[in-house]
Structures are given as structure tokens and as C-alpha cells.
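Residue numbers count from 1 along this sequence. Side chains included, hydrogens not; waters and symmetry mates left out as well; all remaining heavy atoms used.
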Amino acid sequence: MRAPVCAALLLWVLSDAAARQFSEEQMAAVRQRIKSMFYHAYNSYLDNAFPYDELRPLTCDGQDTWGSFSLTLIDALDTLLVLGNRTEFQRVASLLLDTVDFDIDVNASVFETNIRVVGGLLSAHLLASRAGMELEPGWPCSGPLLRMAEDAARKLLPAFETPTGMPYGTVNLMHGVSPTETPVTCTAGVGTFILEFAALSRLTGDPTFENAARRALSALWSTRSDIGLVGNHIDIVTKKWVAQDAGIGAGIDSYFEYLVKGAIMLEDEELLDMFRAYDRAIQNYTRFDDWYLWVQMHKGTVTMPVFQSLEAFWPGLQSLLGNLDSAARTFQNYYSVWRQFGGLPEFYSITQGYTVDKREGYPLRPELIESAMYLFRATGDHTYLQFGLDAVESIERIAKTPCGYASVRDLRDHQLDNRMESFFLAETVKYLYLLFDPAHFLHGGGTEGGESWEDGGDSGQCVLGAGGFIFNTEAHPLDPAALHCCSRHAQEHQELRDILLSLSQPSSQSEQPASQTEDPPSSQSESIALKPGEKKTPPPLSCPVEPFSARLSVLGQVFSDNT
């Protein structure tokens with residue numbers, strides 16, 4: 001195999017690259033280049049493609065792709081604020097509220113609509129205060145962008161009405177699932193909803209969305225093979241695996257991503273345990289020399305010794321769990337492919353060290369840049385900044401056109417395709433910018449966008465934006481503090497209703513002797529060890545809404561205490 005040779009060459013390259021240290025002034029200069037890149041693409045979309053979903057940069061016009069709801073604007077909305085443009089954020093948010101309607105006769109991808117539209121609107125809603133928008137009382141538990149996200153998500157719910165709870169891949173936004181819709185869905189299309197749907201449920205108080213996502217996750221978990229792997233495509237009615245290739249790339253990738261990020265955002269140890277079980281099988285059967293191959297899900301035998309560009313998220317995900325050495329080595333392998341072609345081909349043969357036929361394209365994907373951002377935050381190693389600069393220069397040199405940035409059809413000769421996917425503005429540019437801005441508020445700093453912390457909730461008792469943002473698979477940041485804030489308000493309102501209801505009912509306790517109802521003397525503290533058969537009685541009202549402390553993830557440990 002040629003992989004060890006590539007890795008050896010890369011170590012030499014990286015040792016040379018690592019010698020360069022970026023000053024604050026140099027990083028600021030790169031950020032300005034990335035801003036210019038964003039506005040060249042963004043203004044080209046506005047001038048030539050709006051209100052279509054996407055820009056066609058070679059012909060300077062637009063097309064609808066994943067629906068018909070100005071998708072690039074929704075996807076780029078939170079990036080505007082990341083870059084510090086509050087005025088344009090406000091204008092576009094108002095424009096979307098006035099013009100976008102989800103009650104349309106369009107067949108939409110359930111997966112793509114969730115991560116791009118629902119995720120984008122949720123993120124914009126949670127950033128509305130920082131953007132200077134006028135807020136409704138009770139924000140972030142209410143607001144027009146939240147209602148818009150909820151409306152879009154409700155259009156997806158009919159897809160989950162299956163015997164297994166696993167969703168169909170496509171749904172008509174007006175009429176529901178077509179009777180002729182195929183029941184075959186990719187694994188990621190089943191398991192990539194818990195972030196957006198749980199956020200919706202926690203913010204609105206409606207458990208329907210989170211319940212649907214968890215039912216789908218539970219059904220998918222039950223289908224894993226005896227050696228702990230899942231395949232690529234499944235029949236969501238019968239639970240039969242149609243494609244039995246197991247790996248970490250296309251068709252599966254974001255399922256694993258959401259188990260980890262869902263565990264962190266929701267402080268849910270069960271989701272983390274599920275991922276760790278998968279990870280053990282992945283390391284045992286698919287990992288070779290810090291590459292990850294595709295194997296048969298029941299036997300573990302190699303079926304495709306290829307690297308796919310969508311797998312490049314994996315080092316970043318591993319860094320969230322503290323597996324930094326392994327993550328760095330895998331990143332180095334992927335970086336070697338980037339340097340070979342000036343981008344990541346969709347498929348790369350590990351054994352041959354070259355692209356795979358008909359999979360030579362690079363649609364300006366963000367995954368390796370995302371991993372670089374996480375690894376730089378974890379290590380401070382400027383090698384990842386050097387990669388980021390390489391990526392900026394490569395995209396500018398290869399993909400820039402007079403009318404935006406074009407997908408690369410063939411990395412061997414840099415032929416271009418007439419498409420600029422919305423994720424270029426949602427993810428690729430955003431992760432590049434955040435890579436070079438470690439003090440950004442999304443990292444817990446206080447640069448772009450003003451102050452770091454905000455008030456929220458019915459009485460301003462919630463601390464929001466204090467760090468610990470979770471990025472969905474379309475790079476839309478979600479603030480766990482907002483979910484905590486709204487769910488606590490809902491809990492307290494329910495507790496108050498229960499108390500009022502109990503006070504209106506006759507109570508046998510009121511007839512007990514006073515000696516049995518008195519509080520214990522103040523000198524006696526409550527024991528933390530209960531006697532057999534005893535149950536601890538909760539107080540009638542919980543404490544006021546507490547400021548959120550970012551007890552998210554430390555080397556993979558998810559804290560679930562409620563102190």
C-alpha cells in the first residue's frame with residue numbers, strides 16, 4: 001500500500017509547515033480574505049440567483065435544488081452574523097419571514113430540509129439578540145424565526161409515520177409522503193435529527209419532535225450487526241439492510257456525528273454510550289494505518305479500500321472526545337490528499353493513491369476545514385492554520401469565477417461544474433473564518449458581535465451565549481443554554497400548575513397532627529443516604545432558572561448531574 005509512504009512524506013511536509021507561526025496580524029489578514037470570499041459569493045447569489053435556492057456561477061443565474069425556499073439565504077443567514085454583519089442579518093431575516101412559505105407542492109429531502117432549513121432557522125433565532133433584532137417577550141422560548149423553523153419541521157413529521165419510526169427520505173411539503181415513495185433510506189437520513197428536533201422540543205415545549213427523533217434512533221440502534229456495525233441503506237419499513245457496506249463516510253457520517261453532539265448538547269449519556277459502542281467496532285474492523293476503510297457490516301471484511309471526502313469530519317469528532325493523537329494522524333492522511341489535488345476528491349483509492357473513476361469532483365465541501373478548526377482549538381498547533389491558508393488559496397485559485405465559486409468537477413484538471421451549493425456559505429466559509437478567529441464568541445470569546453453573554457427567558461434570568469455552542473452538520477450553531485432555559489421555564493410552569501391543582505383538592509395530610517407536618521429543626525440536615533423503602537420528596541418548586549454553566553464535554557465525559 002502507498003498510504004505509509006504518503007504519511008511519511010506528509011510528516012516531513014507538516015514539520016516544515018509547523019515551523020510557521022501565525023501572528024495575530026497575519027490571522028486578521030486571512031480573516032479579511034475569507035470575508036472577501038464570502039461577499040463575492042453572497043453578492044453574486046443576490047444579484048443573479050435570488051430567490052432561487054442556489055447560484056449557478058458559470059452561467060450567472062439560479063436554480064431550485066432542495067425545495068423552493070431561497071435556500072442559500074437561509075443557509076448563509078447565521079454566517080452573516082459570524083462575520084459581524086448585523087445589519088444584513090436583520091434585513092435577510094425579515095425578508096425570509098415575509099417571502100418564504102413551506103406550504104408548497106414540492107417534494108423535499110427530509111434530511112436536507114432538516115439540516116439546512118430547520119437548522120439554519122433555529123440558529124438564526126438563537127442569534128437574533130446578538131444581531132440586534134427586536135425580541136418577543138420570553139425569547140428564546142418564542143419568536144418568529146422559531147415559529148418558522150417549527151413550521152418547516154412539521155412538514156417533515158409525516159415522513160416519520162412508519163411502522164418502525166424511521167423516516168422516509170422524501171416528503172411532499174403539502175401532501176405528505178407519496179404512496180410510491182421508496183422505503184429505502186440511507187443511515188444518515190434516519191439518524192440525523194436529534195439536534196434540531198430536540199432543540200425545537202426544548203424551545204417550544206412540544207415533545208413531538210424530540211420523540212420522533214429518538215424513536216428513529218432507537219429503531220436504527222436495534223438493527224446493528226452482531227459485530228456492532230450498521231450498513232449504508234436500510235428499508236425503513238422492514239428494517240432490512242439493503243446496502244451492507246459499513247464505514248464512516250457518505251450515507252452514514254452524520255449519524256455518528258449526531259450521537260456525539262447530541263450527547264454533549266443534551267447531556268445524554270445514553271447517546272454517548274451508543275457512539276462508543278459503534279466506535280469500538282469501527283476501530284476494530286475499519287481502521288487501517290489511521291485510514292478508515294469500508295467493510296461488510298456482518299463479517300468485517302474489506303469491501304472498498306477508499307477514502308471519501310465526507311469522512312473528513314471524523315478527526316474533528318474524535319477531538320471532541322479527547323482522542324487527539326488518533327485524530328491528528330488521520331487528519332495528516334487526509335491533508336496529504338488535499339495537497340496532492342488542491343482539494344479532496346469525493347473518492348480516493350488508498351491502495352492506488354489516486355482518485356476513483358467518476359468520483360474525482362470536489363464540490364467545495366467543508367469537512368476537513370471543520371476538523372482543522374476543532375483540532376486547532378484543542379491543540380493550538382499552527383499546522384492547522386497552515387492548512388486553512390492552503391484551503392483559502394486553493395479555493396481562490398481553482399474555483400473562483402466572476403460570478404461566485406464553482407464546484408470542481410474534476411480535481412485532476414480542475415474543470416468546473418455550474419453549481420455553488422448552499423453549504424459553501426453555510427459551512428466552508430464559516431469554518432475557515434472561525435479557524436482563524438479563536439477568540440470568536442462562538443468559541444466562548446467576545447470579538448465579533450459584541451458582548452459574550454446575554455439575558456433571556458421570561459424574566460431575563462437565563463444566561464445565554466456563554467460558550468459551548470454545538471454545530472449541526474450544516475455548521476449552524478445551537479446554544480445549549482437556550483434549551484436549558486426554556487425547558488426549565490416549562491418545568492417550573494408545570495410544577496406551579498401541579499401545586500395549584502393540588503391546593504384545590506382535599507388533602508388527607510391536612511388532618512394529620514401538627515407534629516407530623518412540621519419542618520425538621522434547622523440544625524438537622526437532610527441525609528444523603530435514604531433508608532430502604534424511603535423516597536426522597538422533591539420540593540414543591542424548583543429553584544429559579546439557573547445560569548447555564550458549560551459542563552459540556554471534557555475528554556468525552558458528559559456531565560448529567562442537575563446541580
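- Between Asp289 and Asn333 the shortest heavy-atom distance is O-ND2, 3.3 Å.
- Taking the six-membered ring where tryptophan is involved, the planes of Phe160 and Phe197 are tilted, since the angle between them lies from 30° to 60°.
- Thr187 places no side-chain N or O within 3.5 Å of a backbone atom of Ile252 that could act as its donor or acceptor partner.
- In this structure the side chain of Asp226 never reaches within 4.5 angstrom of the side chain of His298, judged on heavy atoms.
- At a cut-off of 3.5 Å, with distance as the only test, a side-chain donor of Thr192 or Ser254 sits close to an acceptor on the other residue.
- Shown here for Val177 and Val171, the closest heavy-atom pair between the two residues is N-CG2, 3.9 Å.
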Start with the C-alpha gap between Ser309 and Glu346, add the side-chain angles, then the distance that decides, and say whether side-chain hydrogen bond (donor to acceptor under 3.5 Å, both in side chains) holds.
-> CA-CA 5 Å; Ser309 61; Glu346 294 287 69; 2.7 Å; yes

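- Side-chain contact between Ile350 and Phe288: absent, with no pair of heavy atoms (C-beta onward) separated by less than 4.5 Å.
- Residues Met373 and Leu435 share a closest heavy-atom pair of CA-CD1, 3.8 Å.
- Screening Leu127, Leu434, Asn472 for a side-chain contact (heavy atoms from CB on, under 4.5 Å) involving Pro477 leaves a single residue, Leu127.
- Here the side chain of Thr428 pairs a donor or acceptor atom with the backbone of Leu364 at under 3.5 angstrom.
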Verdict with supporting geometry, Trp294 and Glu311, side-chain hydrogen bond (donor to acceptor under 3.5 Å, both in side chains) = CA-CA 11 Å; Trp294 288 81; Glu311 298 173 16; 3.0 Å; yes

side-chain contact (heavy atoms from CB on, under 4.5 Å) assessment of Leu217 paired with Tyr255 = CA-CA 9 Å; Leu217 283 177; Tyr255 170 44; 3.7 Å; yes

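- At least one side-chain heavy atom of His382 sits under 4.5 Å from a side-chain heavy atom of Phe376.
- Residue Leu126 holds its CG atom at 10.0 Å from CG of Asp78, rounded to the nearest 0.5 Å.
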Given Gln296 and Asp245, is the side-chain contact (heavy atoms from CB on, under 4.5 Å) satisfied, shown in steps?
-> CA-CA 5 Å; Gln296 211 281 339; Asp245 295 303; over 6 Å; no

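- At least one side-chain heavy atom of Ile74 sits under 4.5 Å from a side-chain heavy atom of Leu121.
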Kindly indicate, with the supporting measurements, whether the criterion salt bridge (Lys or Arg N to Asp or Glu O under 4.0 Å) is fulfilled by Asp206 and Arg154.
-> CA-CA 11 Å; Asp206 183 349; Arg154 287 200 185 279; 2.6 Å; yes

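- By the 4.5 Å heavy-atom criterion applied to side chains, Val260 and Phe256 are not counted as neighbours.
- Taking CG from Asn232 and CE from Met297, the interatomic distance works out to 10.5 Å, rounded to the nearest 0.5 Å.
- Distance check: Glu474 CD to Glu112 CD gives 7.0 Å after rounding to the nearest 0.5 Å.
- Donor-acceptor pairing under 3.5 Å is recorded for the side chains of Asn172 and Asn107.
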Might you work through the disulfide (SG to SG under 2.5 Å) test for Cys486 and Cys141, ending with a clear yes or no?
-> CA-CA 5 Å; Cys486 296; Cys141 313; 2.2 Å; yes

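- Between Glu257 and Thr473, the side chains place a donor N or O and an acceptor N or O closer than 3.5 Å (distance only, hydrogens not considered).
- Across all non-hydrogen atoms, the minimal contact from Arg214 to Leu266 is NH2-CD1, 3.6 Å.
- At most 12 heavy atoms of other shown residues, nucleotides or ligands fall within 6.0 angstrom of atom NZ in Lys240.
- Although no hydrogens or angles enter the test, the distance criterion places a donor-acceptor pair under 3.5 Å between the side chain of Asn284 and the main chain of Arg280.
- Within the 4.5 Å cutoff, the side chain of Asp235 has no heavy atoms near those of the Trp241 side chain.
- A salt bridge is absent between Glu196 and Lys261; no separation between the charged side-chain nitrogens and carboxylate oxygens falls under 4.0 Å.
- Under a 3.5 Å cut-off, the side chain of Ser371 and the backbone N or O of Ala312 do form a donor-acceptor pair.
- Residues Val184 and Val242 share a closest heavy-atom pair of CG2-CG2, 3.9 Å.
- One finds no salt bridge joining Glu427 and Arg365 here, because no Lys/Arg side-chain nitrogen approaches an Asp/Glu carboxylate oxygen to under 4.0 Å.
- Aromatic pair Phe469/His443: centroids not less than 6.0 angstrom apart.
- Trp221 has its ring centre less than 6.0 Å from the ring centre of Tyr278.
- Taking the ring centroids of Phe209 and Phe193, they lie at or beyond the 6.0 Å cut-off.
- The aromatic rings of Tyr335 and Phe387 sit perpendicular, their planes meeting at an angle over 60°, well past the 30° parallel limit.
- Between Trp338 and Tyr362, the closest side-chain pair of non-hydrogen atoms falls below 4.5 Å.
- Judged purely by distance below 3.5 Å, without hydrogens or angles, the side chains of Tyr292 and Gln283 pair a donor atom with an acceptor atom.
- The backbone N or O of His125 sits less than 3.5 Å from a side-chain atom of Trp139, completing a donor-acceptor pair.
- Taken from CZ in Arg147 to CG in Leu145, the straight-line distance is 9.0 Å, to the nearest 0.5 Å.
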Would you sort out whether Tyr374 and Tyr384 count as a ring pair (Phe, Tyr, Trp, His ring centres under 6.0 Å), showing the intermediate values?
-> CA-CA 9 Å; Tyr374 282 119; Tyr384 303 107; over 10 Å; no

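- Side-chain contact between Thr185 and Met166: absent, with no pair of heavy atoms (C-beta onward) separated by less than 4.5 Å.
- Under the 3.5 Å distance criterion, the side-chain polar atoms of Ser319 are matched with a main-chain donor or acceptor of Gly316.
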Residues Val118, Leu200; criterion side-chain contact (heavy atoms from CB on, under 4.5 Å); working and verdict | CA-CA 9 Å; Val118 178; Leu200 264 179; 4.1 Å; yes

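- Of all heavy-atom pairs spanning Val110 and Tyr168, the tightest one is CG2-O, 3.4 Å.
- A donor-acceptor pair is defined here as one N or O able to donate and one able to accept, closer than 3.5 Å; no such pair exists between the side chain of Ser123 and the backbone of His476.
- Under the 4.0 Å criterion applied to side-chain N and carboxylate O atoms, Glu150 and Lys155 are not assigned as salt-bridge partners.
- In terms of modelled atom types and a separation under 3.5 Å, the side chain of Ser225 and the main chain of Leu229 share a donor-acceptor contact.
- Atom CZ of Arg377 and atom CG of Leu320 lie 8.5 Å apart (nearest 0.5 Å).
- Gln318 and Ser326 form no side-chain donor-acceptor contact under 3.5 Å, judged by distance and modelled atom types alone.
- Taking the ring centroids of Phe347 and Phe307, they lie at or beyond the 6.0 Å cut-off.
- With values rounded to the nearest 0.5 angstrom, Met148 atom CE is found 10.0 Å from Phe69 atom CZ.
- For the pair Arg130 and Phe441, the cation-pi test (distance below 6.0 Å, angle within 45°) is passed.
- For the pair Lys430 and Asp75, the salt-bridge criterion is not met [side-chain N within less than 4.0 Å of a carboxylate O].
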